[in-house]
Amino acid sequence: MLDPKLLRTDIQSVADKLKSRGFNFDVPAFNALEAQRKDLQTRTQDLQTERNNKSKNIGKAKSQGQDVQPLLDEVAHLGDALDAAKKQFDEVQAKLDVLLMTIPNLPHESVPVGKDELANVQVRVWGEPTKLDFTAKDHVELGAPNNWLDFETAVKITGSRFAVMRGSMARLHRALIQFMLDLHTSEHGYQEVYVPYLVNADSLRGTGQLPKFEQDLFKLSGESEYYLIPTAEVPVTNIVRDEIIEGDKMPLRFVCHTPCFRSEAGSYGKDTRGMIRQHQFEKVELVQMVKAEDSWAALEQLTGHAEKVLQKLKLPYRVMALCTGDMGFSSAKTYDLEVWLPGQQAYREISSCSNFGDFQARRMSARWRNPATGKPELLHTLNGSGLAIGRTLVAILENYQEADGSIRVPDILQKYMGGMEKLG
RNA sequence: GGAAGGGUGGCUGAGCGGUUGAAAGCACCGGUCUUGAAAACCGGCGAGGUAGUAAUACCUCCGUGGGUUCAAAUCCCACCCCUUCCGCCA
């Protein structure tokens with residue numbers, strides 16, 4: 001949520017910035033609502049003041065044993081007038097709230113301006129695209145032996161966009177999770193957390209998935225209004241919802257492994273082959289809550305933590321700064337990490353690291369207490385994949401393949417695989 | 001699922017329907033005292049919003065949402081959550 005004060009004082013520059021991300025902000029409509037709100041609010045408050053004062057007088061008079069009937073007659077009409085004003089005010093306020101909750105975040109000034117992913121800017125490249133002296137197979141072919149990767153069975157059990165993994169492939173998948181959690185907790189200073197995989201609507205509103213993107217989510221049909229998490233960002237960031245964090249506890253850094261569930265509505269026919277785009281996948285997520293002045297440095301640092309995973313796995317990648325038109329709803333700035341996939345001869349997204357500024361914190365009422373002032377201030381939230389497990393698995397299969405179709409195990413993972421050097 | 005109790009400020013915890021945004025204590029901040037610290041004493045100390053340059057004034061908030069009333073933390077209804085006991089279950 002944007003700062004309502006900013007909308008009142010500098011609405012045109014807000015509208016201009018939103019335009020760069022393809023969001024048309026109806027300024028006259030907002031101003032009209034805002035004017036109504038202001039008028040109705042002062043009117044309601046005046047009536048409340050009058051009622052409060054007169055009620056107090058009745059209390060006083062009664063305690064002194066005076067006849068209160070004349071005073072009661074005076075306030076008789078007040079209730080109706082107040083109810084009417086309040087009802088109007090609530091209606092306008094509700095409309096304003098809906099509007100406020102559907103406006104995306106403002107992009108940071110360093111974000112490249114552009115319409116879609118074609119305008120994203122390459123920031124740096126690490127390693128060189130893996131060169132094989134044979135024709136690269138893609139991960140679906142490489143996973144076929146031994147039914148390591150079995151999509152047909154998953155279709156039977158559930159449907160499309162699910163996978164069954166077996167044997168050393170399943171183990172490699174698990175090893176990746178352990179490796180990443182260990183790296184971030186022991187070397188990067190994150191606290192490991194375990195969280196619910198079902199969340200309520202308030203949590204999804206807090207991080208920005210609701211109200212606008214319900215169609216991307218799986219919703220349970222039971223009595224409770226619960227949703228499957230699309231990312232650990234939702235439960236982990238909402239740890240601080242409605243909290244005031246003491247200054248000496250800042251910053252907070254959490255790392256969390258969860259499954260993620262996405263409906264992938266609107267991506268029919270896209271990445272239908274293999275593991276790239278699934279309804280269910282695992283992710284190790286990094287989340288930080290920091291002071292406002294630290295969040296830009298934290299974004300660079302957090303991105304570096306995700307990059308470290310790829311470096312230790314010796315997987316070539318590049319870092320892209322997403323343009324204004326390609327960023328997520330809540331983000332002020334996003335870096336995507338894209339790993340090289342020999343099977344596709346292309347870089348593909350494997351991590352997305354974002355600074356949300358105070359956008360999520362305002363929706364969540366997440367604050368920290370500044371010892372300098374003693375006052376609570378909105379904190380800044382960040383997160384990034386560190387990394388998406390399924391896609392990391394794909395990258396390993398395709399980059400570590402041999403001419404005979406066998407797969408070497410990256411050095412750093414061998415201790416998690418019982419010393420195994422090749423998948424077997 | 002059954003029974004009982006309970007949700008009040010950063011924490012603990014009072015609160016006959018009427019000048020209660022809320023006693024008291026802890027924590028925290030400032031001061032006195034002290035070489036310094038502690039103790040003691042004095043004072044301050046919730047959040048959000050509206051108007052205003054500001055001082056300030058006013059409004060809202062005692063789990064959530066309704067209701068009764070001139071007036072609700074206090075009465076009524078529904079829901080959510082927590083605790084204890086019983087049952088069931090991994």
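The chains referred to below are lettered A, B, ... by the order of the sequence lines, with proteins before strands, and numbering in each begins at 1.
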**Student:** Can you tell me, in whole Å, how much space there is between the C1' of B:C77 and that of B:A24?
**Tutor:** 34 Å
**Student:** Short question: side chain of A:Asn200, backbone of A:Ser203 - any donor-acceptor pair under 3.5 Å?
**Tutor:** yes
**Student:** If only atom types and distance count, is the side chain of A:His139 paired as donor or acceptor with the main-chain N or O of A:Met275 below 3.5 Å?
**Tutor:** yes
**Student:** Below the 4.0 Å mark, does B:U60 have OP1 or OP2 next to a side-chain nitrogen or oxygen of A:Lys86?
**Tutor:** no
**Student:** Starting from P on B:C81, measure out to CD on A:Glu225 and report it in whole angstrom.
**Tutor:** 14 Å
**Student:** How about A:Met169 and A:Leu393: do any of their side-chain heavy atoms sit closer than 4.5 Å?
**Tutor:** yes
**Student:** Could you check which of B:C70, B:G49, B:G10 has an atom nearest any side-chain atom of A:Arg51?
**Tutor:** B:C70
**Student:** Between A:Ile244 and A:Val75, who's closer to the 5' end of RNA chain B by nearest nucleotide?
**Tutor:** A:Ile244
**Student:** In Watson-Crick or G-U wobble terms, both distances under 3.5 Å, what is the partner of B:U83?
**Tutor:** B:A4
**Student:** Say we look at B:A73 and B:G17: how far apart would their P atoms be, to the nearest angstrom?
**Tutor:** 13 Å
**Student:** Counting just side-chain N and O atoms, does A:Arg367 come under 4.0 Å of either OP1 or OP2 of B:G48?
**Tutor:** yes
**Student:** Any ion pair linking A:Asp39 and A:Arg43 (charged N to carboxylate O, less than 4.0 Å)?
**Tutor:** yes
**Student:** Is the base of B:G18 touched by the side chain of A:Lys62 through a donor-acceptor pair closer than 3.5 angstrom?
**Tutor:** yes
